[in-house]
Amino acid sequence: MDLTRKPYKYYSFYDLETSGMNPAFDQILQFAAIRTDLNFNEIERHEFKIKLREDVIPHAGALIVNRLDVSYLLKGTNEYEATKKMHSILSSEDTINLGYNTISFDDEFMRFTYDRNLLNPYSNQNNLSNCARMDIMPITILYFLYEKNTMKWPVVNNKPSLRLEYLNSFNDLAQGMAHDALVDVEATIELAKLLRKENEEMWSYLCKGFDKNTDLQRLNNLEHIELSDGSSYSKGLFIRNKFGYKNNCISQCIKIAEDNKLNKTFWLRLDTKIFDSINEKRIFSELKKSTVSRKTGVPDFILPMSEKYNVSSSKKKELFSINEKWIQSNPQYLHELSEYFLSIEYEDRDFDLDASLYPKGAFHFDEGKKKVCNDFHEITDLNKKANFVENIQYDDVKAKATRLLGRNYYNHLSSTLKKEFDMYIQSTKEDVHIDASGKKRNTIEDALNETRSKLEDISNLDNQQVEILKSFEKYLLSK
DNA sequence: GAACAAAT
């Protein structure tokens, strides 16, 4: 552990309501945060909505969940101003930023939002202001497995579920409509209180798992299995809700590779199927399918393979021991698998500028570009801002800045930049925009189809949701 | 190829 690091003093619990699931093409519509001390005593709270951008077409499914009426979203703070506010809240000194499933959803959304607004995408987790991140959801899974008395565990349609909405309603965590950003934040804080109170030692152990060095150290302490050729591999219990509640969210794995550059490890699940009975031709592809990757310091937790923690069924335990023997006498497959995962090259797609965060790298890793971004924020006069953008020397920064200005201060653009922004708006209507994984930007036509198909069967909707869809349909037709 | 979970 890094002992020179300053201690954290605060939590900022936060939650986003958005126009959809895609962080590159959707936008934040509502933001809520409550800042507390480390004993969960509230210090301050923030809540605001963000004006719907002209170039964002919300998903009907999102509006059903967050119950935000489009007509209401057409007023309010623009994305750029709101993003600067969120940025100042979530990059406060000595603070851990967290929420429910924030690491794989909200944090990701924030990064793209920061990026298209020329702010450092990693602001929520940086050494400069000593902030870090955590996530209550993976912690909750471990309490669900090992501390059953913590609370009532929701069962919905005969299946366990750890959705925040259900945890809240089964345990009366917070009042108000679920999926309101502030209600969800309050529920998450109450949940965190319950977890810590039930077992403080476990709470503290799990919190430290979000520290990269601690996590690495724990991985290094795992027991090994020895293969017939003398090589050895760590084994551990991989906890991830994606493995399914019928498997107790657990999988018995061995670590087959570490990619230190990408900060990732790869784990072969030894309890999915019997490898010995798969023929020579198909074995490698089956091994690949049974491999999962994990980002260091971003639990999904890995626990030592002890009887105490291994809540796998006896059938799964048997599968593991059969496969363990097979792998011990077939070491060549593991070496081949390890090599394969360390040499994966990601497809180079022609994706839209709004999705360029990972593949092209953030501006804030380049000193020159970083300075341009900072200078841009410093200028308060909007006409001067527009003039500054016109003269930016880096093409990629200029293109992003142009979209930023067009989205938030269109009237201040010069005619050249207006023309460029108009072309972008046109292309959102005429061309297919994809992100780095090939997912599409939403279009008016797709949104209309989604809305109408939802309105065809309203048996699962209440009146408010139906009204929201109807006014959304009108809005789409008027665009 | 669907299902596995959770987030909108």
Side-chain angles (χ1 to χ4, degrees), chain A residues 13-32 49-50 52-53 56-70 73 97-113 133-142 144-145 153-168 177-185 187-188 191 238-251 269 271-273 285-286 289-290 292 294 298-301 316 435 439 441-442 446-447 450-451 454 461 465 468-469 472:
Chain A
F13 287 87
Y14 85 100
D15 183 45
L16 309 176
E17 299 304 319
T18 68
S19 65
M21 306 300 294
N22 189 311
F25 296 146
D26 284 304
Q27 75 158 100
I28 301 171
L29 298 175
Q30 193 188 26
F31 173 86
K49 66 180 171 77
I50 301 170
L52 182 64
R53 272 166 33 204
V56 172
I57 307 297
H59 293 261
L63 299 183
I64 286 174
V65 168
N66 56 39
R67 296 170 184 271
L68 297 170
D69 194 284
V70 205
L73 287 168
N97 298 306
L98 75 173
Y100 198 79
N101 202 16
T102 33
I103 283 187
S104 49
F105 183 72
D106 308 72
D107 285 355
E108 186 83 348
F109 231 99
M110 293 295 318
R111 281 203 285 271
F112 281 89
T113 305
R133 58 193 192 137
M134 252 176 57
D135 190 334
I136 298 297
M137 192 186 77
I139 298 180
T140 307
I141 299 171
L142 269 88
F144 168 71
L145 294 182
W153 298 105
V155 176
V156 181
N157 301 325
N158 296 317
K159 283 189 329 194
S161 168
L162 296 184
R163 288 167 65 156
L164 183 64
E165 181 179 356
Y166 299 138
L167 289 168
N168 188 355
M177 182 68 85
H179 299 291
D180 173 83
L182 193 57
V183 173
D184 283 4
V185 168
T188 306
L191 175 59
F238 197 132
I239 317 278
R240 176 176 275 185
N241 53 4
K242 204 182 170 184
F243 295 145
Y245 290 107
K246 66 178 192 312
N247 296 323
N248 257 336
C249 306
I250 202 167
S251 186
R269 303 178 62 185
D271 56 8
T272 55
K273 60 198 86 165
S285 88
E286 290 298 327
K289 272 197 229 163
S290 288
V292 289
R294 176 186 189 270
V298 182
D300 310 329
F301 289 95
K316 290 280 182 187
D435 69 12
K439 288 194 276 301
R441 188 195 289 276
N442 205 16
D446 288 345
E450 191 198 354
T451 307
K454 290 203 186 313
L461 304 177
Q465 290 167 317
I468 284 170
L469 286 186
F472 184 45

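Every chain is numbered from 1 and lettered A, B, ... according to where its sequence line falls, protein lines coming before strand lines.
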**Student:** Using side chain to side chain contact (heavy atoms under 4.5 Å, CB included), reason through M134(A) and I139(A) one step at a time and then give a plain yes or no.
**Tutor:** CA-CA 9 Å; M134(A) 252 176 57; I139(A) 298 180; 4.1 Å; yes

**Student:** Does R163(A) have a side-chain nitrogen or oxygen under 4.0 Å from the phosphate oxygens OP1 or OP2 of dA7(B)?
**Tutor:**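 True: R163(A) side-chain N/O within range (under 4.0 Å) of dA7(B) OP1/OP2.
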
**Student:** Calculate the interatomic distance between N101(A) atom CG and dT8(B) atom P; express it in whole Å.
**Tutor:**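 Answer to the nearest Å: 8 Å.
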
**Student:** Between dA6(B), dT8(B), dA5(B), which one does the side chain of K159(A) approach most closely?
**Tutor:**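 Selected nucleotide (nearest to the side chain): dA5(B).
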
**Student:** Using a 4.0 Å heavy-atom cut-off across all strands, classify D300(A) as base, sugar-phosphate, or nothing.
**Tutor:**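 Counting heavy atoms under 4.0 Å across all strands, no contact is made by D300(A).
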
**Student:** Name the nucleic acid region contacted by H59(A), choosing base, sugar-phosphate or nothing; use a 4.0 angstrom heavy-atom cut-off, strictly under.
**Tutor:**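 No contact.
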
**Student:** Step by step, work out the side chain to side chain contact (heavy atoms under 4.5 Å, CB included) result for N66(A) and Q30(A).
**Tutor:** CA-CA 9 Å; N66(A) 56 39; Q30(A) 193 188 26; 5.7 Å; no

**Student:** Take atom CD1 of I239(A) and atom C1' of dA5(B), then tell me their distance rounded to the nearest Å.
**Tutor:**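 Atom-to-atom, I239(A) to dA5(B), this comes out as 15 Å.
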
**Student:** Counting side-chain heavy atoms from CB outward, which of dA7(B), dA6(B), dC4(B) is closest to L162(A)?
**Tutor:**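 Shortest atom-to-atom distance from the side chain points to dA6(B).
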
**Student:** Whole-Å distance between dT8(B) P and N22(A) CG?
**Tutor:**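 Nearest whole value for this atom pair: 15 Å.
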
**Student:** If you look at every strand shown and take non-hydrogen atoms under 4.0 Å, does N442(A) touch a base, only sugar-phosphate, or nothing?
**Tutor:**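 The residue N442(A) makes no contact with any strand.
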
**Student:** Please report, rounded to the nearest Å, how far the C1' atom of dA7(B) is from the CG atom of N168(A).
**Tutor:**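 Between C1' of dA7(B) and CG of N168(A): 16 Å.
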
**Student:** If you look at every heavy atom in N101(A) and S104(A), which pair is closest and at what distance?
**Tutor:**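 The answer is OD1-OG, 2.7 Å.
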
**Student:** Please classify the nucleic acid contact of M137(A) as base, sugar-phosphate, or nothing, using heavy-atom distances under 4.0 Å.
**Tutor:**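 M137(A): backbone/sugar contact only, no base atoms under 4.0 Å.
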
**Student:** Give me the atom names and distance for the closest heavy-atom approach of R294(A) to D300(A).
**Tutor:**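 Looking at all heavy atoms of both residues, the closest pair is NE-O, 2.7 Å.
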
**Student:** Check every strand shown and say whether S104(A) touches a base, only sugar-phosphate, or nothing at a heavy-atom separation below 4.0 Å.
**Tutor:**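 The residue S104(A) makes no contact with any strand.
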
**Student:** For Y100(A) and D15(A), what are the C-alpha separation, side-chain angles and deciding distance, and is it a side chain to side chain contact (heavy atoms under 4.5 Å, CB included)?
**Tutor:** CA-CA 8 Å; Y100(A) 198 79; D15(A) 183 45; over 6 Å; no

**Student:** By the 4.0 Å heavy-atom rule, please label F109(A) as base, sugar-phosphate, or nothing.
**Tutor:**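 The residue F109(A) makes no contact with any strand.
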
**Student:** Between R111(A) (CZ) and dA7(B) (P), how many Å, whole number?
**Tutor:**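 Taking CZ of R111(A) and P of dA7(B), I get 18 Å after rounding.
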
**Student:** Between Y166(A) (OH) and dA6(B) (P), how many Å, whole number?
**Tutor:**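 Those two atoms, OH and P, are 9 Å apart.
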
**Student:** Check the pair F243(A), V292(A) against side chain to side chain contact (heavy atoms under 4.5 Å, CB included), reporting the backbone distance first and the verdict last.
**Tutor:** CA-CA 11 Å; F243(A) 295 145; V292(A) 289; 4.2 Å; yes

**Student:** Could you tell me whether the phosphate oxygens of dA6(B), OP1 or OP2, come under 4.0 Å of any side-chain nitrogen or oxygen in S161(A)?
**Tutor:**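 Yes, within the criterion.
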
**Student:** When the distance from CG of N241(A) to P of dA7(B) is rounded to whole Å, what number comes out?
**Tutor:**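 These atoms are roughly 9 Å apart.
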
**Student:** Would you classify I64(A) as touching base, sugar-phosphate or nothing, given that sugar-phosphate means primed atoms plus P, OP1 and OP2, and contacts are heavy atoms under 4.0 Å?
**Tutor:**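 Here I64(A) touches no strand at all.
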
**Student:** Using a heavy-atom cut-off of 4.0 Å across all strands, would you classify L16(A) as base, sugar-phosphate, or nothing?
**Tutor:**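 The residue L16(A) makes sugar-phosphate contact but no base contact.
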
**Student:** So, does Y245(A) get its side chain near the phosphate of dA6(B), meaning an N or O under 4.0 Å from OP1 or OP2?
**Tutor:**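 Indeed, a polar side-chain atom of Y245(A) lies that close.
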
**Student:** Hey, does L29(A) reach any base, or is it just sugar-phosphate, or nothing, if we go heavy atoms under 4.0 Å?
**Tutor:**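 Nothing, no nucleic acid heavy atom in range.
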
**Student:** How many Å lie between CZ on R240(A) and P on dA7(B), as a whole number?
**Tutor:**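 Going from R240(A) (CZ) to dA7(B) (P), I get 16 Å.
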
